[in-house]
Protein chains: 2
Amino acid sequence: MGDETKNGQPYHLDSQVGFTMRQANQRHLSIFARHIPALTPTQFATIAKLCELGQASQNALGRATAIDAATIKGVVDRLRRRDLVASSPDPNDQRRVFLTPTDAGRALYASVIPAAHAVTSETLSPLEPEEREVFLRLLRKMI
Amino acid sequence: MGDETKNGQPYHLDSQVGFTMRQANQRHLSIFARHIPALTPTQFATIAKLCELGQASQNALGRATAIDAATIKGVVDRLRRRDLVASSPDPNDQRRVFLTPTDAGRALYASVIPAAHAVTSETLSPLEPEEREVFLRLLRKMI
DNA sequence: CACACTCTGCTTGTATACGAACAATAAACG
DNA sequence: CGTTTATTGTTCGTATACAAGCAGAGTGTG
């Protein structure tokens, strides 16, 4: 009836996972920006992981946050420009640059944690409490 | 224990929805690129919706696909450059440009539908059949 | 008619995101 | 030791993504 193609496979864009995931992500991004305007989600993930780890090389930090090596370079550059992250040469490996959060970076991270919890909470707010656990479990299973 | 901050709120990046959604999306994008190298997910959504609608103005198509007006301009430009989409002036409203899929666009769309189904299928493959329905329902509820 | 308001499309600026290619360095190996 | 291979960080090119601001066109109200 309009959703029937020549080869007989009906198709609706709106029922494709990718299309729905993209929109769910858009909504989340907008919630994030409202609660934490000082950082993008990527920047927050980078600082958060660096604070968790204490220190890391740029590529290692990228792997820990699932950020491409080419991408995390720009992210780290912008965080360094804002003095939230510091870099020092690694004496053991001249290729590496060891990254550490600055005091300002650590302070910003700590100050933003409650908002980060609020972001997750608001993102999941359309779901019932039991549904949230199910959703997170399935989402994690899909990675 | 390292995940305890001064204000007492434990925090783990990996358990945040946004972080997990981003990774699930990354995996989906990589599956998409493998099955449909000719189009990006955004380009596919644009062509698919345009074929569904038959015709649309640029902004309207953007709203239908949840793509920003500034973003869809570039998407449509690239599709036009490849002769997958055609544009004609709207006689009723001189601001609008009516977009229609070309024959090549329609053909590409039709030829790619099976692969699109495969993308959704592979993306959901880590889940049990019942879990997939639950996941899609919750995902849709969250938009 | 004059005016405000809205819609449409465009442009600029910033930030991801990733493939591909590259040089420098390190490690593994014979 | 020298050769090969792998890793690290970088650069380039392409493609989203969205905020903000702009101009032109349509619509409504006084």
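First the proteins, then the strands, lettered A, B, ... as listed; each starts at 1.
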Short side-chain N/O contact to D/dA15 OP1/OP2 from B/T42, under 4.0 Å: no
Just how far is it from atom CG of A/D103 to atom CG of A/L84, taken to the nearest 0.5 Å? 11.5 Å
A/Q58 pairs by side chain to side chain contact (heavy atoms under 4.5 Å, CB included) with which of A/V76, A/V85, A/V97, A/T46? A/V76
Report the C-alpha separation of A/R27 and A/T123 in whole Å, then their side-chain angles, then the decisive distance to 0.1 Å, and conclude whether the side-chain hydrogen bond (donor to acceptor under 3.5 Å, both in side chains) test is met. CA-CA 8 Å; A/R27 175 172 163 277; A/T123 299; 5.1 Å; no
Closer than 4.0 Å, any side-chain N/O of B/R22 to the OP1 or OP2 of C/dT16? no
Across the strands shown, which category fits A/S57 at heavy-atom distances under 4.0 angstrom: base, sugar-phosphate, nothing? sugar-phosphate
Write down the distance between CD1 (A/I47) and P (C/dT16), rounded to a whole number of angstrom. 11 Å
With respect to the phosphate group of C/dT8, does any side-chain polar atom (N or O) of B/R63 fall under 4.0 Å of OP1 or OP2? yes
Take atom CG of A/D68 and atom C1' of D/dT11, then tell me their distance rounded to the nearest Å. 13 Å
Any chance you could lay out the side-chain hydrogen bond (donor to acceptor under 3.5 Å, both in side chains) test for B/T100 and B/Q55, step after step, and finish with the verdict? CA-CA 5 Å; B/T100 49; B/Q55 60 177 18; over 6 Å; no
Please verify the inter-ring angle class for B/F135 with A/F135; under 30° counts as parallel, over 60° as perpendicular, anything in between as tilted. parallel
Hey, which of these two, A/K73 or B/R81, hits DNA chain D nearer its 5' end, going by closest nucleotide? A/K73
Return the value, rounded to whole Å, for the distance between atom CD of A/Q26 and atom P of C/dT16. 17 Å
Tell me which of A/A70 and A/R82 sits closer to the 5' end of DNA chain C, going by the nucleotide each one is nearest to. A/R82
Lys/Arg N to Asp/Glu carboxylate O, A/R81 vs A/D77, below 4.0 Å: no
Residues in contact with DNA chain D, drawn from residues 88-95 of chain B - heavy-atom cutoff 4.0 Å: B/N92, B/D93, B/Q94, B/R95
Rounding to an integer number of Å, can you tell me how far B/L29 CG sits from D/dA17 C1'? 13 Å
Classify B/A69 by what it touches in the nucleic acid, base, sugar-phosphate, or nothing, heavy-atom distance under 4.0 Å. nothing
